[in-house]
Protein chains: 2
Amino acid sequence: MGADIWTPPTVLLAVDLVILTLRDSRLQVLLVERGIDPHRGALALPGGFLSDVTEDIPSAAERELAEEAGLDAAGLHLEQLSVYGTPGRDPRGRVVSVAYLAIAPRLPEPVAGTDAANAWWTPTDVALADHTRLAFDHRQIIVDGIERARSKLESSALATAFCSPEFTITELQQVYEAVWDVTLDPRNFYRKVQSVDGFIVPAGPTRKTENGRPARLFRAGPHTVLHPPMTRPPRPADMARTPA
Amino acid sequence: MGADIWTPPTVLLAVDLVILTLRDSRLQVLLVERGIDPHRGALALPGGFLSDVTEDIPSAAERELAEEAGLDAAGLHLEQLSVYGTPGRDPRGRVVSVAYLAIAPRLPEPVAGTDAANAWWTPTDVALADHTRLAFDHRQIIVDGIERARSKLESSALATAFCSPEFTITELQQVYEAVWDVTLDPRNFYRKVQSVDGFIVPAGPTRKTENGRPARLFRAGPHTVLHPPMTRPPRPADMARTPA
DNA sequence: ACCACTTCCTGTCAGTCTGACAGGAAGGCT
DNA sequence: AGCCTTCCTGTCAGACTGACAGGAAGTGGT
């Protein structure tokens, strides 16, 4: 406890975005190729530093969402994920990054074409494969983001954020199946989803054609917390290990 | 896209701690009285700036836990809560605070006596009462911390962190009742808690006396996620309206 | 028009879980 | 021994879940 004038250290503040969507019935994450050092050429999450010292952190996340992903934050689920600030994670200095989780509906196919056009949707299993080179600690951030999405699918209406404003129950089921990496019984899923109060509401008498019998359309209901929650079937891979 | 040399802005990084415990069958939070401006004299969460630019953020949280609360981080649940960095939340500059949620077992009664002795356990309803003056945005941080604890009691074994290493089922029930602010049926609670795989395990043939029949002792089991989860009964305040 | 095929949706049924309630077990105290 | 306290085991009806069958509503082929 010296009596000298001590001033607290300063850090560089960044935001990183885990943007998830459903394409080809697979969970995909948006990655960009880094054009500058460090980690030039490696894949990374969209993100960047605060533009100026007066910028709000959620605003920075929305700005990066538009600049690097070409996505409009309006009508897009965006929530804070966690903070990553281990010393040495960025060689440029002490960088503390606030990670955000964004969920994009499947519709906006063309992500590129905007400012930073070198962005690709990547299936999550590919992004997390051993041979994929990810910058910084972005691998861990992606893992955390996916786990957050998996968890929130149980207790919240987050699944509707993966869908267009109007969607069928089958589409909703595909969200659960892709994110949880399971297969669900359609009949039980129909029953369960419609019994949860305020989860989804019928969207007019409209219907939608594709191949078989037309499906009814729904939209997100008024409730964001699910009572009772959706139950995730136990994955066979989760064998319990007992730490001593 | 200017060609000028742009340097990202720097911010001051702080940690704040929401430390919850159970005292007198009530959920209580540790608050300190601020001795310096801004908000001198107001109540605040324990916390402070990073000590130096090389300090890890979790380490800073543990250091503040020891310095301001006199608690040892070992064997204490500590998890990151969220980040609070709205411009203007601190008049000294752009301060971004990483909030942590800590759960303390009921035993360590004397919190004071250490470096910063002006720390008190405060029932959460008192801390959040309208007449209580809380510094900065700490009211919101406390609300978020309590909600996190409430939520995690459902799906994780967090409740055991409120208890001594060995505890009775009744003590565990009091945790749920205090945090959720509900009353639970002891008989159903016994059945439920013991049926959840790996939640609690019997702790030897030991017993513990107090007033009536001795209670069996348990300790935390190997699993930290609960299958199936504990279900929180709907609070009477949430009157559901059933649309026709 | 009819059939084959696709997808969507409704029903049934047994096992399990939940909420409500009764009553016995095991201590201390007078 | 009684009486009080607290702990714990049982029972039972209703709700929920997982597994499975079969009808409803479209499209396309012949």
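Atoms considered below: every heavy atom in the structure, side chains included; atoms not considered: hydrogens, waters and symmetry mates. Every chain is numbered from 1 and lettered A, B, ... according to where its sequence line falls, protein lines coming before strand lines. From a predicted model like this one, the values you see are computed outputs, not experimental measurements.
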- Message: So Thr170(B), base contact, sugar-phosphate only, or nothing? Heavy-atom distance under 4.0 Å.
- Response: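 Contact class for Thr170(B): sugar-phosphate only.
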- Item | Nearest-nucleotide 5' precedence on DNA chain D, Asp185(A) against Arg213(A) | Asp185(A)
- Taking the nucleotide of DNA chain D with the closest heavy atom to each, which residue, Asn211(B) or Asn188(B), is nearer the 5' end?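 Checking each residue's closest nucleotide, the 5'-ward one belongs to Asn211(B).
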- On DNA chain C, check which nucleotide each of Arg191(B) and Gly212(B) is closest to and give me the residue with the more 5' one.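 Going by which nucleotide is closer to the 5' end, it is Arg191(B).
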- Of Ile169(A) and Lys192(B), whose nearest nucleotide on DNA chain C comes first from the 5' end?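 Between the two, 5'-proximity favours Ile169(A).
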- Item | Geometric class of the Trp180(B)/Tyr176(B) ring pair [parallel <30°, tilted 30-60°, perpendicular >60°] |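 Perpendicular: the ring planes of Tyr176(B) and Trp180(B) meet at over 60°.
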Send over the distance from [X] [atom1] to [N] [atom2], rounded to a whole Å.
X         : N       : atom1 : atom2 : value
Tyr190(A) : dA19(D) : OH    : P     : 18 Å
Phe189(A) : dA19(D) : CZ    : C1'   : 17 Å
Leu184(B) : dC8(D)  : CG    : P     : 16 Å

- Counting only side-chain N and O atoms of Arg216(B), is one of them less than 4.0 Å from OP1 or OP2 of dT9(D)? yes
- Item | Ion pair check, Asp24(A) and Arg26(A), cut-off under 4.0 Å |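 A salt bridge is absent here (no side-chain N lies under 4.0 Å from a carboxylate O).
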- Is any N or O donor-acceptor pair between the side chain of Arg187(B) and the base of dA22(C) shorter than 3.5 Å? yes
